[in-house]
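Structure record follows, encoded as structure tokens.
Proteins get letters first, then strands, A, B, ... in listed order; numbering begins at 1 in each.
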Protein chains: 2
Amino acid sequence: MKKYELIFQDLENKILKKIYDEGEFLPSEMELSDYYEASRATIRQALNILESRGFIQKQKGKGSLVISSEKLNFPISGLTSYKELQESLDFESSTTVLKFEKVKIDDELHILTLLPNDSYAWHILRARKIEGKYSVLDRDYILYDLAPDLTEDIVKDSLYEYLEDELGLIISYANKEITIDFINEDDRKYIDLAKIDHHVVSVKSHVYLADTTPLQYTESRHQVDKFRFTEFARRQKI
Amino acid sequence: MKKYELIFQDLENKILKKIYDEGEFLPSEMELSDYYEASRATIRQALNILESRGFIQKQKGKGSLVISSEKLNFPISGLTSYKELQESLDFESSTTVLKFEKVKIDDELHILTLLPNDSYAWHILRARKIEGKYSVLDRDYILYDLAPDLTEDIVKDSLYEYLEDELGLIISYANKEITIDFINEDDRKYIDLAKIDHHVVSVKSHVYLADTTPLQYTESRHQVDKFRFTEFARRQKI
DNA sequence: CAGTGGTCTAGACCACCAG
DNA sequence: TGGTGGTCTAGACCACTGC
């Protein structure tokens, strides 16, 4: 494990356990440098992660102030998968696989998914039950060549775990979009909607590997009252 | 101006102008280091900003690949203000100030806004017209002591510009939340809603200064079909 | 004034990728 | 094997804070 990651994790733990509590300053970079036997640059690498995650706010001339003792939930922002999300929020849930088929990417699908024309992809449709009600409908297109041995059992469990841990694919970044869409036939069929509902929240993502290969297109359609998106945002000055 | 900022801006410009185009690699860190007469650490600082903004994807052993020639819109993510957003998207819009008053933060408002109990705040309600229709309703609570000379004309124009450029306040970070809420009386009154609409998109933010003083609470309520949120997200491994 | 974080340098070794 | 980005070090000077 890299040194700065270890230092980050140790500091994160100490903040979560309130050894360093909200409103207190962390030890100075020099002191941390002595304590962890690391250069100041390495300490600063760890502190930058803490800052980007909203744990601390650095103040020139003063120090690093702890501003949050909690991990925030990043349902969208961090590219977190449904399973990780569900575990971290820890509510009851289950998944039903509605479709699991191999399709060819024609012109129309190419425009939607950005996967290469004439390639093949897994087309997966899953309904997610949260606290007894079907609230989310996930549609995925995943490049067949990168995961030819995918099975229905795997997608019922966790797709990302399989892709990353089993296949060793390095998922790197995504372009995401959230909009409010009119409900369609599939929403009506597979999500437990109220009569008054006319809309769902749609989260669409194009997901890429570290080598910039497009891996996946996902659309996640949420019942409006089950949708909540929180994030920690920093002001971009430049 | 800092060296790494200048290097970032120069590289960003060259990418926007397609001097370095999508699919091409940037010069290596060593070459950039020679060209800009900067150490590799400084070059890497600039490249990290490019990467975090989604312009490039770094690949160990290969180089920094350009993956986007466009600035993305960050309506929420970057803490961008309505005016900056409106200018960058460049559609027609105007603002009507519906309320502009000084209020005392009582218990109830304290829980909502997180501004200090018994302090005073500006309470501002603004309707935003986009392409001829009132589509967004903004409610703000801003600490009175930090902006005692605020006027209706200023909030009609740009609040953030005034706070940052005129008052020199350094806005640093925010906790944001997006939910789909039932429409209320004010929504009905001030937003041009369709009959079928039962919901609005609500974006709530607690905004803080660099010294961690809470400055502002904002709720922005959008007509559902005018709302769109895009972001570039990187996978968080740790 | 001393102490803090912000920037920058020069140099080193590593893991990874390609030919 | 040579070139790339990733990590790490030791040291320097700066701007800012608070006393």
### Query
Are there more than 12 heavy atoms of other residues, nucleotides or ligands under 6.0 Å from atom CD of B:Glu101?
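Buried by this count: over 12 neighbours within 6.0 Å.
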### Residues, nucleotides or ligands: over 12 heavy atoms within 6.0 Å of B:Tyr120 OH
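Atom OH in B:Tyr120 is not crowded, with 12 or fewer foreign heavy atoms closer than 6.0 Å.
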Return all side-chain donor-acceptor pairs below 3.5 angstrom for residues 140-150 of chain A, not counting sequence neighbours, or 'none' if the list is empty.
from, atom 1, to, atom 2, distance (Å)
A:Asp140, OD1, A:Arg126, NH2, 3.0
A:Asp140, OD2, A:Gln216, NE2, 2.6
A:Asp140, OD2, A:Thr218, OG1, 3.0

Please produce a list of atom pairs where a protein N or O lies less than 3.5 Å from an N or O of nucleotides 8-11 of chain C.
from, atom 1, to, atom 2, distance (Å)
C:dC8, OP1, B:Lys3, N, 2.6
C:dC8, OP2, B:Tyr4, N, 3.4
C:dT9, OP1, B:Lys3, NZ, 2.5
C:dT9, OP2, B:Ser39, N, 2.6
C:dT9, OP2, B:Ser39, OG, 2.9
C:dT9, OP2, B:Thr42, OG1, 2.6

### Parallel, tilted or perpendicular: rings of A:Phe229 and B:Phe229 (30°, 60°)
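Rings of B:Phe229 and A:Phe229: tilted, 30 to 60°.
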### Parallel, tilted or perpendicular: rings of A:Tyr208 and A:Tyr173 (30°, 60°)
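Parallel.
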### Qualifying residue, where the test is salt bridge (charged side-chain N to carboxylate O under 4.0 Å, His left out) with A:Asp138 and the options are A:Arg128, A:Lys204, A:Lys156
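Going through A:Arg128, A:Lys204, A:Lys156 one by one, the salt bridge (charged side-chain N to carboxylate O under 4.0 Å, His left out) with A:Asp138 is satisfied by A:Arg128 alone.
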Could you check how far [atom1] of [X] sits from [atom2] of [N], rounded to whole Å?
X: A:Leu50; N: C:dG5; atom1: CG; atom2: C1'; answer: 15 Å
X: B:Met30; N: D:dG2; atom1: CE; atom2: C1'; answer: 13 Å
X: B:Arg44; N: D:dG5; atom1: CZ; atom2: C1'; answer: 6 Å
X: B:Leu32; N: D:dG3; atom1: CG; atom2: P; answer: 16 Å
X: B:Leu26; N: D:dG3; atom1: CG; atom2: C1'; answer: 16 Å
X: A:Ile170; N: D:dG5; atom1: CD1; atom2: P; answer: 17 Å
X: A:Ile56; N: C:dT4; atom1: CD1; atom2: P; answer: 15 Å
X: A:Glu29; N: D:dC13; atom1: CD; atom2: P; answer: 18 Å

### Message
So which atom in B:Ala210 and which in A:Gln57 form the shortest heavy-atom distance, rounded to 0.1 Å?
### Response
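Heavy-atom minimum between the residues: O-CG, 3.3 Å.
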### Query
Quick one: CD1 on A:Ile7 to OH on A:Tyr36, what's the gap to the nearest 0.5 Å?
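Between A:Ile7 CD1 and A:Tyr36 OH, I get 7.0 Å after rounding to 0.5 Å.
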### Message
I'd like to check A:Lys14 versus A:Asp10 (side-chain heavy atoms, cut-off strictly below 4.5 Å). Are they in contact?
### Response
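SC-SC contact between A:Lys14 and A:Asp10 confirmed.
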### Task
Output the single nucleotide from D:dT7, C:dT4, D:dT4 whose closest atom is nearest the side chain of B:Glu31.
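For B:Glu31, the side-chain atoms sit closest to D:dT4.
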### Message
Taking side-chain contact (heavy atoms from CB on, under 4.5 Å) as the definition, give me every residue that meets it alongside B:Ser28, ordered by chain and number, with sequence neighbours left out.
### Response
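Scan of B:Ser28 (side-chain contact (heavy atoms from CB on, under 4.5 Å), adjacent residues dropped) gives B:Met30, B:Glu31.
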### Message
Give me each pair satisfying ring pair (Phe, Tyr, Trp, His ring centres under 6.0 Å) with a member in residues 11-35 of chain B, each pair once, sequence neighbours excluded.
### Response
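For residues 11-35 of chain B, and leaving out neighbouring residues, there are no ring pair (Phe, Tyr, Trp, His ring centres under 6.0 Å) pairs at all.
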Write out a two-atom table: protein N or O, nucleotide N or O from nucleotides 17-19 of chain C, distance below 3.5 Å.
from, atom 1, to, atom 2, distance (Å)
C:dA18, OP1, B:Lys62, NZ, 3.4

### Message
Taking the axis from the first five pairs and the axis from the last five, what angle separates them in the helix from C:dC1-D:dG18 to C:dA18-D:dT1, rounded to 10 degrees?
### Response
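Answer for the end axes of this duplex: 10°.
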